[in-house]
Undergrad: 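Pasting a structure below so you can have a look.
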Amino acid sequence: MSGAAARMPAASITTVPVPLGDRAYDIFVGRDLLHEAGARIAALGARAAAIVTDAHVGPLYAETLAQSLKQQGLRAAIVTVPAGEATKSYASLETVCDAVLEAKIERGDLVVALGGGVVGDLAGFAAAVVRRGVRFVQVPTTLLSQVDSSVGGKTGINSRHGKNLVGAFHQPSLVLADTALLDTLPLREMRAGYAEVVKYGLIDDAAFFAWCEKNWQGVFAGGPERDEAVAQSCRAKAAVVVRDEREDGDRALLNLGHTFGHALERITRYESARLVHGEGVAIGLCLAFRFSASLGLCPEADAARVEAHLAATGLPTRLAQVSGGCGTVDELLDAMAQDKKVKGGALTFILARGIGKSFIAPGIAVDSVRAFLEKEINASRP
Ligand code: GLY
């Protein structure tokens, strides 16, 4: 679906509140929000905005957004950074901070992040530190960023010591998730974001997982199911963030599938040709459920159902599907040990007692992980 025929009336815009006291904000989800972004952003009361975008997204949407802001009487500058994970760097942070200052963004003005997770994390962090903090708005343009990274206030850049190790919690003042922008998203990126959608069902909402099994094709095709999936994901994430903004407890549930997934990303050296984050998460979700089943915590049938659904959408579900190989068991364990979710030498996993019944499991013995991974790797051998 694309073009005017696909446009839905303004009434179909869903508002998801994130009630965080003096940092509360709304997430708006719906088609064609970009065209009315100026009015919604102007309602925040700023006089100027610096739109931070990347070289892929900027040419498609930055001018539309800038015009929409100007029509509301806001000054708008566009700051374009290179596309790709390498942009989450100290050098890009300096570039963006200086550009925001050159655009004369004062306290009370705004940084607007227009792009995927890289732009959102970088622009959000720049907003957190420029003039000791200015407000920012997220306009996420990928499914992954609409359902995960634009919500919850984690911002930051990568260091040579690892990903996302330098950053700040800085909540946006507004999130505009225009689901029509996903019409042109490559299928691989759509799938990768969808792994995070499924994750919310697996964490604590079996009914949403069942809904995903039934409606995923509509999500991919851009029907009303897509808006529902994005809105429900944002509701689920907002509920966790409101309970535990700074990840002292429950927010770790959002890492379901990520301990294995991050290890695979490390092993594939973050080369997107081999594996993108959401693909690592898809394999990680399956591993988390099969590991839970192997520990006798979760019915095998639930693990099989998770795998069947992710595979149906075209996502990878097995270690053998990692392009160029998933490494040895020792390499996988080493990669997990470097993950920031490792405390005192023990591995913390998010495990499950079934679909929608995930829980934080600290102190998982490395030996049991090793035995499980050996079984998984051997099962993958022809
Ligand atoms: N993406 C995980 C979190 O925001 O906590």
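All values below were derived from every heavy atom in this structure, side-chain atoms included, with hydrogens, water molecules and symmetry-related copies excluded. For ligands, and for the atoms within them, numbers begin at 1 and follow the listed sequence. Throughout, residue positions are numbered sequentially from 1 according to the sequence presented.
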Undergrad: Among all protein heavy atoms, pick the one closest to atom 5 (O) of ligand 1 and tell me residue, atom and distance.
TA: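 Heavy-atom neighbour on the protein nearest atom 5 (O) of ligand 1: Arg251 NE, 2.7 Å.
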Undergrad: Start with the C-alpha distance between Leu122 and Leu93, add both sets of side-chain angles, then the distance that settles side-chain contact (heavy atoms from CB on, under 4.5 Å), and finish with yes or no.
TA: CA-CA 7 Å; Leu122 173 67; Leu93 179 68; 4.2 Å; yes
Undergrad: Atom 1 (N) of ligand 1: which protein heavy atom is closest, and how many Å away?
TA: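 That would be Asp148 OD1, 3.0 Å.
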Undergrad: Hey, does Lys237 sit under 4.0 Å from ligand 1 if you only count heavy atoms?
TA: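 Lys237 counts as a contact of ligand 1 under the 4.0 Å cut-off.
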Undergrad: Would you say the side-chain atoms of Glu265 and His258 include a donor-acceptor pair closer than 3.5 Å?
TA: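 Side-chain D/A pair, Glu265 to His258: absent.
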Undergrad: Pairing donors with acceptors under 3.5 angstrom, does anything connect the side chains of Thr179 and Asp227?
TA: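 Result is yes, a qualifying pair exists.
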Undergrad: Just checking, Arg353 and Phe359: is the charged tip under 6.0 Å from the six-membered ring centre and within 45° of the axis?
TA: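 Relative to the ring axis of Phe359, which defines the angle, Arg353 lies inside both limits.
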Undergrad: If we set the cut-off at 4.0 Å for heavy atoms, which region of Val151 has an atom near ligand 1: side chain, backbone, both, or neither?
TA: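 For Val151, there is no contact with ligand 1 at all, from either part.
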